[in-house]
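For reference, the structure is listed below as structure tokens.
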Protein chains: 2
Amino acid sequence: MQEGDEAQRGHKSGPPMTIYDVARTAGVSIASVSRVLNGHSSPRQETRERVMRAVEELGFVPDGAARALSSRLKEVVAVVFRRTRFELSTDPEFEDEADSLVFVDVLNRGIEVAAQNQGFDLLLSSVEVNEHAPGGKISKLAGKSDGVILHDRVLNPSGVVRLAERLPVVTLASTPTRASVNIVGDNAEGMRELAHHLLGTHGYRSIGYLSGHSDSPDNLTREKALRAVAAEYGVPVSAGPRWTGEYSAAGGARVIRRLISDGVQLPQAICCANDQTALGVVYELRHHGLKVPDDVAVTGFDDVSIARHVSPALTTVRQPIERLGALAFETLHDMINGARPAERQIVLPVQVVYRSSCGCRPEPAPSSRRDETMR
Amino acid sequence: MQEGDEAQRGHKSGPPMTIYDVARTAGVSIASVSRVLNGHSSPRQETRERVMRAVEELGFVPDGAARALSSRLKEVVAVVFRRTRFELSTDPEFEDEADSLVFVDVLNRGIEVAAQNQGFDLLLSSVEVNEHAPGGKISKLAGKSDGVILHDRVLNPSGVVRLAERLPVVTLASTPTRASVNIVGDNAEGMRELAHHLLGTHGYRSIGYLSGHSDSPDNLTREKALRAVAAEYGVPVSAGPRWTGEYSAAGGARVIRRLISDGVQLPQAICCANDQTALGVVYELRHHGLKVPDDVAVTGFDDVSIARHVSPALTTVRQPIERLGALAFETLHDMINGARPAERQIVLPVQVVYRSSCGCRPEPAPSSRRDETMR
DNA sequence: CTGAAAGCGCTTACAG
DNA sequence: CTGAAAGCGCTTACAG
């Protein structure tokens, strides 16, 4: 009876079902429908069954906006990350962007999985690098969610504080503020250990730092740690404006290409700000007939999954990327539930993964994939 | 005056602002506030200014749920993709997953950027591969959005139809139904051209197809196209159960490792279901002392960004990934606005990109990054 | 141009 | 255990 006039025009099927329709066909009040749908214990078996039958029959799904409005919970957390101009074009110029986002994607996946576990969904939004007022867009996003997770470089500290005064905010790979919590990997320790390996164990006498975004806290911390260790060893560090790879393979390749074409003497080892950059660097070095690691050692950061599937396999610093994302959600979720965070920043340990690109071994044995040395 | 009691406890700042607060401090009705906030033309300059001042002063942001409820538009589209068990562990066993998702991530980014252009946000959700009733989770998601974009393999056709009867649905790299629209790259044509290049131009006399997920329409179409061309040339195709790489680098490497350890004779060329797989294959072949492309030619599919930054640079089929995503959103957006789609499926052209891994050239010239031949 | 009021579709005290 | 009713915070005819 109530199906007749619907099936006719696809999703344009007249006024959508509401809880009133369900109540009517089940012969109960809307309160009862609501209660069984929300798994309350009160409705007795028979009521429950009648409601479920009606729900089934009508294919009813409660409206999320109405639920959110009356229960004061949207079950949505917003995630904002930064994107550098991205024009939906196929112009190779824009490719830097896409491959520098692998880390962000994996992080988001970690958030997403953790969110699912609590019945929350992710509202994903990116802000343009030179967007004048990201605050406006982010405010709107805040209106659609219960809390916000901000990747690095999307809002300045005062913007973060302002937002955090309105709703719970957690930042990722950024800096804590008095109102928000920051989740980050132990960049300093990871880079320190890697640098000691390069300069101590391998004894390289010159080193370069191929940087990521200059306003990325991760990048800054890594460079600083490398410089500190290099100073201990009295080894010069090549870095600066000519060494900016922007976290991308294309950027890493570009730096090497220019350095070589300018006749600059390359250091014995190059620490890249992330794995993508290292991939681009290895590629470009080989192009010019240089062997990695024999002529130049190269390392990455993050340990994204392709790092082990290239030759030479990349020596890098493994960050618990998904875990960082999951922890960001969990922390935010607690805050949404009214808990006040115990600390302003949570630092997760990282682990140096020794493969071939640093000069450690010719190549791992083909038969075992997990033979990396993690000391 | 109204700031005093707020700044004290972070986001727990008493009852949140509402449009009534703004109206009161501006000395106008809530209707006027609503009108200026929504950019209606009616309110006169003075009213507009008073409202804006109050909004600014209070840091007011309208509640998204309330807006959605009364305007019947959430400005949210849900995106659902499939994830194979993902436990937030660092167990290498689970790495296949992460790297097989690059394509999905780029697709999502295309959707996201297009959505932003229309003021929409993405509600991202993944479903487990062996989730019994993804329908439940997806229904709930549908309740939170105005339309849904489904990646391949998340819902069977009847599930898609059922969902599409309730709200607009667009699928990606999947199959059209009578109620939903599918957006897909021209897999058949791309693979056909690639196969002709391998078997015709290069004259390889044996070929393998290293497959992706067996229930992925893309994968099926690619294999079928390859077989058809191979048949024309009378060239045998190695494929099947021992050739399943599941779209990941780890999977591709695994297949090669087993084939070699079983003493199987490898074909002269291996077509991989996607780029990640090809990366794993190249890696593993080299491990065993085999040269690519001299001993075995290898090709990918998709042309993700790292494809050009590895050696040998990957010959592959470029899909307009972001464009596919953007088109999915645009199509969905039209449907949300009441347009009935003109066609059930939109196929976007793809382009074979000839680099080195097929045997075309030793290596491209270092100085130019865009010298791929696209014929 | 502006305001009072109805209504969007739910949840949840409050009675019974 | 169940229902009538209020209320969540907006938008938008409807009058004026």
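Letters A, B, ... are given to chains in the order of the sequence lines, protein chains preceding strands, and every chain is numbered from 1.
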Between A:Arg67 and A:Asn38, do the side chains contain a donor N or O and an acceptor N or O under 3.5 Å apart? yes
Go through D:dT2, C:dG9, D:dG9 for me and flag the one nearest to the A:Asp63 side chain. C:dG9
A:Glu49 vs A:Arg44, test: salt bridge (charged side-chain N to carboxylate O under 4.0 Å, His left out). Steps then yes/no. CA-CA 9 Å; A:Glu49 280 169 6; A:Arg44 67 172 183 214; over 6 Å; no
Just compare D:dT11, C:dG9, D:dG3 and give me whichever is closest to any side-chain atom of B:Ser70. D:dT11
Select one nucleotide: of D:dC1, C:dC10, D:dC10, the one nearest the side-chain heavy atoms of B:Arg67. D:dC10
Complementary nucleotide of D:dA4, counting Watson-Crick and G-U pairs under 3.5 Å: none
When rounded to whole Å, the CG to P distance for the pair A:Leu69 and C:dC8 reads 13 Å
With rounding to whole Å, what would you report as the distance between D:dT12 and D:dG16 at their C1' atoms? 16 Å
To the nearest Å, how far apart are B:Arg48 CZ and C:dC1 C1'? 11 Å
Grab the CZ-P distance between A:Arg72 and C:dA13 for me, whole Å please. 12 Å
Within the distance-only criterion (no hydrogens, no angle test), does the side chain of A:Arg50 pair as donor or acceptor with the backbone N or O of A:Ala26 below 3.5 angstrom? yes
Under a 3.5 Å distance rule, please check whether A:Lys144 uses its side chain to pair with a backbone N or O of A:Ala78 as donor and acceptor. no
Look only at the side chain of A:Thr331 and the backbone of A:Leu327, and say whether a donor-acceptor pair between them is shorter than 3.5 Å. yes
Please report, rounded to the nearest Å, how far the C1' atom of C:dC1 is from the CZ atom of B:Arg50. 13 Å
Start at the 5' end of DNA chain C and walk down; is the nucleotide closest to B:Thr47 or to B:Ala66 reached first? B:Thr47
Taking A:Asp146 for its side chain and A:Lys74 for its backbone only, find out whether a donor-acceptor pair lies under 3.5 Å. yes
Does any residue of residues 30-38 of chain A have a heavy atom under 4.0 Å from DNA chain C, and if so, which ones, in number order? A:Ile30, A:Ala31, A:Ser34, A:Arg35, A:Asn38
Pairing partner of D:dA13, by Watson-Crick or G-U wobble and under 3.5 Å for both distances, is none
DNA chain D: 5'-proximal contact among A:Ser29 and A:Tyr20 (nearest heavy atom): A:Ser29
Of the listed D:dC1, D:dT12, C:dC8, the closest approach to the B:Ser71 side chain comes from D:dT12
Within this structure, what is the NE2-to-P distance between B:His40 and D:dT11, rounded to whole angstrom? 8 Å
Can you measure A:Asp21 atom CG to C:dC8 atom C1' for me and round it to whole angstrom units? 14 Å
Take the protein atom CD1 of A:Ile19 and the nucleotide atom P of D:dG3, then report the distance between them rounded to whole Å. 12 Å
When the distance from NZ of A:Lys140 to C1' of D:dC10 is rounded to whole Å, what number comes out? 14 Å
Treating B:Asp105 as the side-chain partner and A:Asp105 as the backbone partner, does any N or O pair qualify as donor plus acceptor under 3.5 Å? no
